[in-house]
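Per chain, numbering begins at 1; letters A, B, ... match sequence-line order.
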2 protein chains.
Amino acid sequence: MDAVDRNILAELQMNGRISITELASRVRLTVSPTHRRLRELEESGVIRGYRAALDPEALGLKFEALLFITMREANHETLVRFEEAAAAIPNVLEAQRLFGEPDYLVRVVSEDLAAYQRLYDEQLTRLPGVQRVASTLVMKHVVRERPLPL
Amino acid sequence: MDAVDRNILAELQMNGRISITELASRVRLTVSPTHRRLRELEESGVIRGYRAALDPEALGLKFEALLFITMREANHETLVRFEEAAAAIPNVLEAQRLFGEPDYLVRVVSEDLAAYQRLYDEQLTRLPGVQRVASTLVMKHVVRERPLPL
DNA sequence: GCTGAAATATTATAAGG
DNA sequence: CCTTATAATATTTCAGC
């Protein structure tokens with residue numbers, strides 16, 4: 001992992017679909033070493049994959065909410081059950097276990113308010129082991145999909 | 001935006017760097033219409049771009065924290081100043097303005113506890129307009145980088 | 001809107017310093 | 001660890017249905 005590798009990673013965080021030819025010219029190297037470096041970054045796991053970044057609004061997903069979840073108990077089985085149930089809901093884009101309270105932060109998207117209400121009543125508030133759900137809507141993305149600092 | 005387009009989007013959310021040839025075979029179409037559809041999805045803005053997904057741990061970024069920020073005032077100028085200052089910190093990966101309290105959720109990464117402490121004392125707590133910062137560490141990612149539900 | 005095909009460009013590998 | 005060279009693939013465009 002030298003400066004060239006970091007350069008490659010920076011380019012691919014901005015545009016993950018440029019050709020190796022283009023990538024090579026941006027990092028000022030010929031194609032073969034660029035290719036070799038890229039394979040090594042992929043195989044070592046530094047690059048976990050490539051994702052198309054979609055626009056949720058353009059797909060009709062206009063509602064984004066955050067849920068702050070406090071669990072009734074914090075034993076292993078309760079947490080595993082909750083995590084599996086949360087992961088099974090497609091609208092759940094992200095979920096993290098936190099230190100302290102609340103126990104979890106969960107991010108969800110939905111089409112509109114009506115869809116969110118249904119999701120909330122029928123699925124989110126019924127997740128197993130939950131004591132309390134506090135939720136808030138996202139008004140605006142101030143910083144989004146920022147590349148990792150290298 | 002028909003079923004084939006949604007299929008294309010689903011594939012590219014999983015692997016954003018597959019060739020059009022491979023993509024075409026996965027969506028059971030020949031190359032040229034796949035190519036045309038992809039271009040249209042890109043040009044219409046449904047696909048905002050492609051990103052390499054990096055492993056923060058592999059890059060030595062082992063600390064991830066969430067900051068819940070309450071502002072002293074909520075007038076336009078105060079908020080703009082805060083948002084620009086937050087966006088200028090490379091460790092800030094994500095920031096959102098919320099309805100209600102707190103006003104902002106900010107996600108940051110850093111190398112380790114010492115680096116986080118410095119970041120917190122020297123930059124995060126000094127963001128302009130802030131009344132209160134509550135922060136918590138991320139223990140574990142339960143759901144990460146989930147594709148959007150199509 | 002799709003198919004098939006042709007010209008151009010890229011990828012992946014190997015030989016050699 | 002790089003450069004150059006080469007064969008195999010892929011991209012991009014277009015004529016025709």
Side-chain angles (χ1 to χ4, degrees), chain A residues 1-62 90 111 145-150, chain B residues 1-62 90 111 145-150:
Chain A
M1 270 286 292
D2 58 8
V4 176
D5 281 342
R6 276 190 291 277
N7 225 307
I8 289 174
L9 295 176
E11 291 294 341
L12 291 175
Q13 283 194 99
M14 288 169 38
N15 188 346
R17 216 180 147 81
I18 52 174
S19 69
I20 294 179
T21 308
E22 171 66 19
L23 181 60
S25 96
R26 293 198 193 178
V27 302
R28 288 150 192 277
L29 224 63
T30 48
V31 169
S32 4
T34 308
H35 186 242
R36 185 187 53 72
R37 281 166 182 271
L38 181 54
R39 289 187 69 83
E40 281 172 11
L41 289 168
E42 287 169 352
E43 283 171 11
S44 71
V46 174
I47 297 176
R48 294 178 36 240
Y50 301 90
R51 318 263 171 258
L54 308 187
D55 182 347
E57 299 250 335
L59 291 160
L61 296 166
K62 307 231 168 93
E111 289 180 21
E145 269 179 37
R146 174 70 78 76
L148 291 180
L150 307 173
Chain B
M1 271 287 294
D2 59 8
V4 176
D5 281 340
R6 276 190 292 276
N7 226 307
I8 288 174
L9 295 176
E11 292 294 341
L12 291 175
Q13 283 194 100
M14 289 170 37
N15 188 345
R17 218 180 146 81
I18 52 176
S19 69
I20 294 179
T21 309
E22 171 67 19
L23 181 61
S25 95
R26 292 198 194 177
V27 303
R28 286 148 195 279
L29 224 63
T30 50
V31 169
S32 10
T34 307
H35 186 242
R36 186 186 54 71
R37 281 166 181 269
L38 181 53
R39 288 187 69 83
E40 281 172 10
L41 290 167
E42 286 168 351
E43 283 170 12
S44 71
V46 173
I47 297 176
R48 294 179 35 240
Y50 302 90
R51 318 265 172 255
L54 307 187
D55 182 347
E57 300 250 335
L59 291 161
L61 296 166
K62 306 231 167 90
E111 290 179 19
E145 269 180 37
R146 174 71 78 75
L148 291 179
L150 307 174

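The residue among Thr30(A) and Arg39(B) whose nearest nucleotide of DNA chain D lies closer to the 5′ end is Thr30(A). Residue whose closest nucleotide on DNA chain C sits further toward the 5' end, between Arg17(B) and Asp2(B): Asp2(B).
Remark: Leu29(B) CG to His35(B) NE2 distance equals 13.0 Å, nearest 0.5 Å. Between atom CE of residue Met14(A) and atom CG of residue Leu9(A) there is a gap of 13.0 Å, rounded to the nearest 0.5 Å. The OG1 atom of Thr30(B) sits 12.0 Å away from atom CD1 of Ile20(B), with the distance rounded to the nearest 0.5 Å. Once rounded to the nearest 0.5 Å, the distance linking CG of Asp5(A) with CG of Leu41(A) reads 4.5 Å. Distance CZ/Arg17(B) to OG/Ser19(A): 7.5 Å, rounded to 0.5 Å.
Proximity of Arg36(B) to the phosphate of dT12(D): no side-chain N or O atom is located under 4.0 Å from OP1 or OP2.
For the pair His35(A) NE2 and dT4(D) P, the interatomic distance rounds to 18 Å; values are reported in whole Å. To the nearest angstrom, P of dA10(D) lies 16 Å from CG of Leu38(B). Computed from coordinates, the Arg37(B) CZ to dT11(D) P distance equals 17 Å when rounded to whole Å. Atom pair Glu40(B):CD and dT13(D):P shows a separation of 13 Å (rounding to whole Å applied).
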> Passes salt bridge (charged side-chain N to carboxylate O under 4.0 Å, His left out), Asp55(B) versus Arg48(A)? Steps please.
Replying inline: CA-CA 6 Å; Asp55(B) 182 347; Arg48(A) 294 178 36 240; 5.4 Å; no

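Running 5' to 3' along DNA chain C, contacts with non-hydrogen atoms of chain A at under 4.0 Å begin and end at dT10(C) to dA14(C).
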